[in-house]
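Report on the structure given below.
Keep in mind that this is a model prediction, so the values were computed, not measured.
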Amino acid sequence: METVSLIKTGFDLKDREVVCYPYLIVTFKIHLPRLFMTPRIAYTVVTTDMVKGAAARSNMFPETVEIGIQGTSIIPELIEEEEALKNARKTALRWIMYKFHSFRAPRIEVIQRQKAYKAFFHADIKGRTVLVDSVKGLEQDDIR
């Protein structure tokens, strides 16, 4: 048994076989320099997939709960944590440069950083077995 941080969900995961997918979630504080003014401060949260290495902006830093789970239910990470952080920084930089045009590179600092897992499980819907994302739930296409 291993203890992992699982992104909090509205689904009841008791007595279900779950598979945990790894993510690195980082909150950045970005100091964007401006001519003759104080730097503009912006915050953003970036989630990096620890298997593929893809990073994307998130709405917020999610709440997590600690759970005990078998090691075989955890998808192994293929990306090092430092590489995932580097990808998250690139995404934050791309976003801030798009949002606010700047003449100099901003200073980016990490405020909060956590490795968390998202749970997936199987459910029977209309006689079919579908894979359910515990954060997003079911899509309309999954139900048809």
Testing the basics here: between [X] and [Y], what is the closest heavy-atom pair and its distance to 0.1 Å?
X   : Y    : result
P76 : V51  : O-CG2, 3.8 Å
N87 : G53  : ND2-O, 2.8 Å
S5  : Q114 : OG-NE2, 3.3 Å
G71 : E2   : CA-OE2, 3.6 Å

Are [Y] and [X] connected into the same hydrophobic cluster when the rule is that any two of I, L, V, M, F, W, Y join if their side-chain heavy atoms are below 4.5 Å apart?
X    : Y    : value
F120 : I75  : yes
I108 : F100 : yes
L6   : M50  : no
V45  : M97  : no
W95  : L24  : yes

Is the closest side-chain heavy-atom distance between [X] and [Y] below 4.5 Å?
X   : Y    : result
K90 : L93  : no
I96 : P106 : yes
I79 : K52  : no
H31 : E109 : yes
R89 : F28  : yes
T48 : L85  : no

Within 6.0 angstrom of [X] [atom1], more than 12 heavy atoms from elsewhere:
X   : atom1 : result
K86 : NZ    : no
E17 : CD    : no
M37 : CE    : yes
Q70 : CD    : no
E63 : CD    : no

Find the distance between [atom1] ([X]) and [atom2] ([Y]) and round it off to the nearest 0.5 Å.
X   : Y    : atom1 : atom2 : result
Y23 : Y117 : OH    : OH    : 12.0 Å
I69 : M1   : CD1   : CE    : 7.5 Å
L32 : T38  : CG    : OG1   : 11.0 Å
T64 : I7   : OG1   : CD1   : 8.0 Å
I30 : R40  : CD1   : CZ    : 12.0 Å
L78 : D49  : CG    : CG    : 9.0 Å

**Item:** Working for side-chain contact (heavy atoms from CB on, under 4.5 Å), residues V4 and I74
**Value:** CA-CA 9 Å; V4 297; I74 299 173; 3.7 Å; yes
**Message:** Going by side-chain contact (heavy atoms from CB on, under 4.5 Å), F61 matches just one of T47, V26, I25. Which one?
**Reply:**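 The single option meeting the side-chain contact (heavy atoms from CB on, under 4.5 Å) with F61 is I25.
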**Asked** Does a side-chain N-to-carboxylate-O contact under 4.0 Å join R113 and E82?
**Response**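 E82 and R113: salt-bridged.
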